[in-house]
Structures are given as structure tokens and as C-alpha cells.
Amino acid sequence: MAYNSVCELVHEASHPRELGVSLVPKRVNLENTLVPSCETLGLFPAWSRRSASPRRLFLRAAFLVLFATAAAPGFAALGFAQQPNISPTPKSPVELAEALLNEGKPREALSLLTEVAEKDPKAPELEANLGKAYFQLRQFPQAAVHLQNALQRNAGDLESTQLLALSFYAAGNYRGALPLLVKLGPRLPKNGPDGPYLVSICYVMTQQWDSARKILAQMFFVPPDSAMAYLALGKLMVRQQMVEAAVPQIETALRLEPRLAMAHFLLGEIDLYQSNPQGAISEFQKELAVNPTVWLVYWRLGDAYMRLASYDDAETVLKKAIWLNEASPGAFVLLGEIALKKNDPALAAGFLERALAIDPQNFDAHYALATAYKSLGRETEANQHFEISKTLRNEKHDSEKDRLLPAP
């Protein structure tokens, strides 16, 4: 109700003799507004309309004024009151690019940031977001350049420091990554490998063996001069394909603890890597003398026997591997390949189908099964598995080539 209308109603109610015959029409108009009448609210009976005294009229008008005053905020909340038109502040291009990066759209973000760099190369947060965009695109040398620029402007930028350390690491610049990773400690992104693991690899790749062993000892809660610490270092070096340097570390571990589990196994793996299956057999057998119930040892021993064409010996140990672990496809694949060597494609197909039921992405199993099907005259299925094997092999090669971090 408008303020003037309420004032007029109060004036008329306080001067009843001036109302005359115009009293009823004005009350009817009032009752047709959004404000409810006193009768609607149940405050006065309907018959009181015919005998409304000046006192009652004044009370009605006063009530309506109070009701309108109290209801005004509610009507405003419902949208009856006009609200000021406040438009949101438009985001800057750098902020828009940052939002795209958070959505996992680095190419779109990079396009936008490149335009900003041409117009305003000193725009705030530009270098940090350029570095982040290149990092997400796995273009690590370019990412490192921009992240270094960002840190020159803001040395306390934690995210840029994290990404720079990982960019150096992924680009193989271990000497550049090492001090940053040591400085960061546990403050690395939660969705990546732990900082100590990356630090240990950097120490290994920069041939700082003692420092690497101490970090690994901390990770596994063992003394730094213990056999387990030396074995952990040797295993990490093997993973980084530094097999020649790994052997003395493993041998030191065995001198400290001759019956150390998995030490001879690791030496056998090195022999297989160096195409020395006879040496591998000797090491695997030593491992079984210490640790006779590990399926992995039987599987790799079967591989070594197979390389020497000792198929019967290979079958014996591979079956033991399956008895100990029926969920591993490796032993089934080797048994299938042995069956193919013995010209039994039907038996081979059974082993290889079992392997693929466990691991449908095993390209070796697909290739061997295609060979078995071809020998059985199942040309269509053979061609399908040949194609699958080729595709999976290429995908694996690409994923390893583009991989940011090695598997733990």
C-alpha cells in the first residue's frame, strides 16, 4: 500500500463526520488490495461493517498501517520490491584461463593466455598459469621456463614450486628437481608420488648412493646400514635400469643377511635382463631354498627354462606358480606358448583364453592366441586377435613414452 493512501485512510478514520456516504466505497477499494481486511483476518465480525464506530474505524486503519509496515520486508524478499540492478564483475582473461585449467582444459587456457601475453606480458599470474598449462599438456621444458619466471616474481608461490619440481623431474633434469623436492618435503600434490620417493630417485640418478639409501631407509623404517636398506636401493636401481650399479648393493645386502628374502630373486631378474637364463636359474633356485612359496619366483624360473628350451622343466614350475596364484596371467601365457612349441594349438588356446579372461589387455596373450587360432583354421578370430595385439602394444609403447613418473 502506498504511503499516501495509508495516511489518507488514517485521516478519514480520525474524522468520521467527513466521510458521509463515501465510507463504504473506500472500504471496498481497500479490501481489494493485497493487504487483507480486518474481517478476513477474523479480528471483527462481518456484521460490524454496518455499525462501524469511529473508534473501530481508527483501530482498523492503525492495524493496517502496522500490518503493511511489518509485511514490507517479506514482500521485498518475494520480489515485490524493486531491487537495484547489480551486474557481476567480469573476470579477467587470466582468471578465465585459470578456471579452464581447473576444469582440465589446458589447450583452451593456453590459447587465451597466449593472447594475453601478446598484449600484456607482465599481467599478474600470467607466467604461473602458462607454466601450469604447459605442465598439463606434458610439455615440461616449456612449463619449466614459465614457472621459473613466475617464481622470480613471487618466490612464495607454492603451486609453481611444486609444478617446477615435477617438470624438472619429468624432463630428466634430476639435479634441478632435487633441491626443490628436498625443500618441498611433504608439500607435494596429494594425487602424485610421495616426495621422499622422488627424492630417492633423484639421488640415484645423480649417483648419490648413500643419500638415496638413507631416504629409502626412512621410507621403510629400517636402519640405513641394514641389509633391507641396501636391497631397497638395489631394487630401485634395477627399476631405473641401472643394473650394473645395482649388483654390488644387492650383494652387500646378502653379505649382511645371507637368507634375505627376494635378494637372489632380484639377482636372477638382472640375469634375465642381461640374457643370462642359466645364471637366472641358479639365482631363482637359491631364492626358492629360502622362500619356497612365492609364485613370482616359479613364474620367472619357468621363463628362464623356456628360454633354454627346457619345456618340461618350465611346465613343472609354471604349474606350481598357478597353484600358488591362479589370478596371474603370466604363467598361463607361458604355458600356452610352450604348447605352441609342442605343436598342440588346441591346448595352447585353452591356456591363452584363460590368460585373457584374467587380463584382457595382455597383448602377448592376444598374439599367441591368434597364432593358435590360425593353426586351428580359425582365420577370422586369428586376425581379430592379431589386430588387438598390435593396438595394445602400440598403446603401451605410447603410454610408457609419455609417462610423467615411473611406476612405484
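Residues Y305 and L301 are in side-chain contact: their nearest non-hydrogen atoms beyond the backbone lie under 4.5 Å apart. For the pair I250 and L233, the minimum side-chain heavy-atom distance is 4.5 Å or more. The shortest distance between side-chain heavy atoms of W299 and L334 falls below 4.5 Å. Taking 4.5 Å as the limit, some side-chain heavy atom of N276 sits within range of a side-chain heavy atom of Q278. With a 4.5 Å cut-off on side-chain heavy atoms, D364 and R393 count as touching. The closest side-chain heavy-atom distance from Y311 to T316 is not below 4.5 Å. By the 4.5 Å heavy-atom criterion applied to side chains, L335 and I322 are counted as neighbours. At a threshold of 4.5 Å between non-hydrogen side-chain atoms, the residues V238 and M242 do not count as touching.
The minimum heavy-atom distance linking A245 with Q249 is given by the pair O-CG, 3.7 Å. The minimum heavy-atom distance linking L340 with P345 is given by the pair CD2-CA, 4.2 Å. Scanning both residues, A321 and A331, for their nearest heavy atoms gives CB-CB, 4.2 Å. In terms of heavy-atom proximity, L318 sits nearest to I338 at CD1-CD1, 3.8 Å. Across all non-hydrogen atoms, the minimal contact from A253 to L260 is CB-CD2, 3.8 Å. Of all non-hydrogen atoms in L272 and R307, the two that sit nearest each other are O-NH1, 3.3 Å.
Note that the CD1 atom of I215 and the CD1 atom of I201 stand 12.0 Å from one another [nearest 0.5 Å]. The line from CD of E125 to CZ of R153 is 9.5 Å long, rounded to the nearest 0.5 Å. To the nearest 0.5 angstrom, L166 atom CG is 7.0 Å from L181 atom CG. Here the OH-CZ distance, from Y174 to F168, works out to 13.5 Å after rounding to the nearest 0.5 Å. Atom OH of residue Y203 and atom CG of residue L198 lie 12.5 Å apart, to the nearest 0.5 angstrom.
Sorted by first then second residue, the salt bridge (charged side-chain N to carboxylate O under 4.0 Å, His left out) pairs that include residues 373-385, not counting sequence neighbours, are R378-E381. Screening residues 332-342 for side-chain hydrogen bond (donor to acceptor under 3.5 Å, both in side chains), with sequence neighbours left out, gives D312-K342, E315-K342. Within the structure, the ring pair (Phe, Tyr, Trp, His ring centres under 6.0 Å) test picks out the following pairs touching residues 357-385 (sequence neighbours left out): H366-H385, Y367-F386, Y373-H385.
For F135 and F140, the ring centers are positioned less than 6.0 Å apart.
Looking only at distances, a side-chain donor or acceptor of N362 sits under 3.5 Å from a matching main-chain atom of A365. A donor-acceptor distance shorter than 3.5 angstrom exists from the side chain of Q162 to the backbone of R187, with no hydrogens or angles considered. In this structure, the side chain of N325 engages the main chain of A327 through a donor-acceptor pair within 3.5 Å. In this structure, Q274 contributes its side chain and D271 its backbone to no donor-acceptor pair below 3.5 Å. The main-chain N or O of L163 is found under 3.5 Å from a side-chain atom of S167 such that the two form a donor-acceptor pair. Remark: the backbone N or O of D313 is not paired with any side-chain donor or acceptor of S310 at under 3.5 angstrom.
Residues satisfying the side chain to side chain donor-acceptor pair (under 3.5 Å) criterion with E269, sequence neighbours excluded, are R300. Among residues two or more places apart in sequence or in another chain, the side chain to side chain donor-acceptor pair (under 3.5 Å) test is passed with R354 by none. For Q208, the side chain to side chain donor-acceptor pair (under 3.5 Å) test picks out T206, with sequence neighbours left out. For the side-chain contact (heavy atoms from CB on, under 4.5 Å) test, residues two or more places apart in sequence or in another chain that qualify with V116 are P93, V94, A123, L126. With sequence neighbours excluded, the residues satisfying side-chain contact (heavy atoms from CB on, under 4.5 Å) with A150 are E127, A128, S160. By the side-chain contact (heavy atoms from CB on, under 4.5 Å) test, K119 is found to be paired with no residue, residues two or more places apart in sequence or in another chain being considered. Scored by the side chain to side chain donor-acceptor pair (under 3.5 Å) test, D210 finds R213 as partners (sequence neighbours excluded). Judged as a side-chain contact (heavy atoms from CB on, under 4.5 Å), and not counting sequence neighbours, the contacts of R107 are L137.
In this structure, M228 places its CE atom where only 12 or fewer heavy-atom neighbours from other residues, nucleotides or ligands lie under 6.0 Å away. Around atom CZ of R175, no more than 12 heavy atoms belonging to other residues, nucleotides or ligands sit under 6.0 Å away. Heavy-atom contacts from other residues, nucleotides or ligands closer than 6.0 Å to CD of Q241 number 12 or fewer.
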N/O donor to acceptor pairs below 3.5 angstrom from side-chain atoms of residues 286-294, sequence neighbours left out:
residue	atom	partner	partner atom	Å
E287	OE1	M262	N	3.2
E287	OE1	H264	N	3.2
E287	OE1	F265	N	3.0
E287	OE2	M262	N	2.8

Run the numbers on L147 and L130 for side-chain contact (heavy atoms from CB on, under 4.5 Å), then give the verdict.
-> CA-CA 8 Å; L147 292 167; L130 279 169; over 6 Å; no
Go through the steps for T371 and L352 under the test side-chain contact (heavy atoms from CB on, under 4.5 Å), then give the verdict.
-> CA-CA 11 Å; T371 303; L352 295 165; over 6 Å; no
